[in-house]
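Only one structure is covered here, and it is reproduced in the block below.
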Amino acid sequence: MNKRQQDIVQWINKNGRKSLNDVADEFSVSVQTIRTDIRHLTERGLLLRSHGEVVPFPNRQNIRFDQRRIRNLEGKQRIADLCITKMTDYQSVFLGTGSSVSEVASRLNELKGLQVMTCNLHAARNLCEHPDCELTIAGGRVRKRDQDVIGGDAVRFFQRYRADVGIFSVAAINKEGELFDFTDEDIMSLETLVDNAHYRILLLDSTKFDLESRCVWNRVNNYHCLITDVKPSQWLLSKLQAQGIEVLY
């Protein structure tokens, strides 16, 4: 997949349904070139084409990690940069699942003396290159699509440790500030991570706002800091701040 095709996926996921002509105009190429790009992207399950339009792939379940990794990549990179400002050297750190969390892991080489515990295999691969980091990963059943360890193994893993900082993400946040994820297994391991971390940071890129998924996590006040790549709606921003949650964007 070339750079333009990656940018098309990010643009459609951010802006929603668009005609082929709109996409061609945005990327200054011919409609025929865009048709070729879209055919390639639909074959990979990154986008859908419907009646001459391009639409984001529906979120009936989470898409593969390698697809999510390029979705709003610029936004996730900004989130990672902001997250590092909330951390210091010589901390113990929980890293949850997700591509935004993995993006943070790729920047932790800026800090030294870390003790990191994670069920996120992609984050673990990034941290294997860290020159001054003790890394512990969960063992158990691997969800290959998402490149993480799930279920009771992940729950028991986070129960065994305590961390200065917990960094995690979820599938969606609705207009009321409720958090959602895709499965009860995701929710269970998330709750254990949060319960055993002293300071909790939630990462949410802008594609996750004003959405809902199957499993609700009604503990919106159980994190200390929300980091995103765009300013949330003023109503949601005010609600979060009223609960003492710091919001960075």
Side-chain angles (χ1 to χ4, degrees), residues 62 65 68-69 71-72 75-76 78-87 91-108 114-124 126-127 135-138 143 146-151 153-174 177-209 211 213 215-229 232 240 243 245-249:
N62 208 3
F65 182 89
R68 283 183 285 131
R69 183 175 57 83
R71 185 176 184 180
N72 192 21
K76 291 174 182 177
R78 172 166 175 75
I79 288 170
D81 290 338
L82 289 170
C83 186
I84 293 299
T85 69
K86 303 298 294 182
M87 303 176 66
Q91 286 185 316
S92 55
V93 182
F94 282 160
L95 294 180
T97 63
S99 54
S100 294
V101 176
S102 296
E103 198 65 40
V104 171
S106 70
R107 284 163 170 71
L108 289 182
L114 297 179
Q115 295 177 308
V116 178
M117 293 143 281
T118 187
C119 60
N120 186 325
L121 301 182
H122 194 272
N126 286 331
L127 289 169
L135 175 62
T136 306
I137 65 171
R143 181 167 52 181
D146 296 309
Q147 300 183 24
D148 55 23
V149 178
I150 59 170
D153 297 301
V155 172
R156 288 186 290 272
F157 174 76
F158 286 122
Q159 285 175 337
R160 293 200 301 269
Y161 299 97
R162 299 294 182 270
D164 298 317
V165 180
I167 301 170
F168 63 98
S169 186
V170 294
I173 182 170
N174 67 10
E178 292 179 308
L179 304 178
F180 296 82
D181 224 318
F182 291 100
T183 71
D184 57 352
E185 290 180 318
D186 293 313
I187 296 293
M188 287 189 296
S189 60
L190 171 61
E191 288 179 342
T192 310
L193 180 158
V194 167
D195 286 344
N196 292 306
H198 177 69
Y199 184 81
R200 282 90 67 179
I201 301 174
L202 173 62
L203 311 180
L204 283 180
D205 78 90
S206 53
T207 66
K208 297 182 176 181
F209 279 82
L211 298 174
S213 187
C215 298
V216 64
W217 187 56
N218 284 315
R219 297 175 63 176
V220 68
N221 60 343
N222 280 182
Y223 57 91
H224 299 95
C225 181
L226 167 65
I227 303 179
T228 183
D229 55 310
L240 294 171
Q243 297 182 73
I245 299 169
E246 182 180 11
V247 181
L248 302 180
Y249 51 88

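For this chain, numbers begin at 1 and follow the sequence in order.
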Under a 4.5 Å cut-off applied to non-hydrogen side-chain atoms, are [X] and [Y] in contact?
X    : Y    : result
L179 : V216 : no
I227 : L204 : no
F182 : C215 : no
I167 : M87  : yes
Q115 : Y161 : no
F157 : I137 : no
E246 : L240 : no

According to side-chain contact (heavy atoms from CB on, under 4.5 Å), who are the partners of [X], at least two apart in sequence or on a separate chain?
X    : value
N174 : E176, E178, F180, E212
D184 : none
S206 : N72, D229, V230
R162 : N196

Can you tell me how far apart [atom1] ([X]) and [atom2] ([Y]) are? Round to the nearest 0.5 Å.
X    : Y    : atom1 : atom2 : value
I84  : R107 : CD1   : CZ    : 8.0 Å
M188 : T192 : CE    : OG1   : 8.5 Å
L190 : F94  : CG    : CZ    : 12.0 Å
C83  : L248 : SG    : CG    : 9.0 Å

Counterpart residues, salt bridge (charged side-chain N to carboxylate O under 4.0 Å, His left out), relative to [X] (two or more places apart):
X    : value
R78  : none
D153 : R156
D164 : none

Those residues that, when tested against [X], pass side-chain hydrogen bond (donor to acceptor under 3.5 Å, both in side chains) (two or more places apart):
X    : result
R143 : D146, D148, D186
T118 : none
Q159 : none

Minimum-distance pair of heavy atoms, taken over all atoms of [X] and [Y]:
X    : Y    : value
D181 : S169 : OD2-O, 4.1 Å
K208 : A171 : CG-O, 3.4 Å
L193 : G166 : CD2-CA, 4.1 Å
F168 : R200 : CE2-CB, 3.9 Å
T97  : C119 : CG2-SG, 3.7 Å

### Query
Hey, does the side chain of T85 reach the backbone of D81 with a donor-acceptor pair shorter than 3.5 angstrom?
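Between the backbone of D81 and the side chain of T85 there is no qualifying donor-acceptor contact (under 3.5 Å).
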
### Residue of the set T228, N222, V194, L226 for which side-chain contact (heavy atoms from CB on, under 4.5 Å) holds with L202
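The option that passes is L226.
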
### Task
Let me know which of N120, V93, L114, L108 forms a side-chain contact (heavy atoms from CB on, under 4.5 Å) with L127.
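Of the listed options, the one satisfying the test is L108.
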
#### Entry: Set of residues satisfying ring pair (Phe, Tyr, Trp, His ring centres under 6.0 Å) with respect to Y199, sequence neighbours excluded
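Scan of Y199 (ring pair (Phe, Tyr, Trp, His ring centres under 6.0 Å), adjacent residues dropped) gives H224.
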
### Message
So, using ring pair (Phe, Tyr, Trp, His ring centres under 6.0 Å) as the criterion, who are the partners of F209 when residues are at least two apart?
### Response
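Here no residue qualifies.
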
### Task
Decide whether S102 and K76 meet the rule of one side-chain donor and one side-chain acceptor closer than 3.5 Å.
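Short answer, no.
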
### Task
Applying side chain to side chain contact (heavy atoms under 4.5 Å, CB included), run through D205 and I79 and close with a yes or a no.
CA-CA 7 Å; D205 78 90; I79 288 170; 3.7 Å; yes

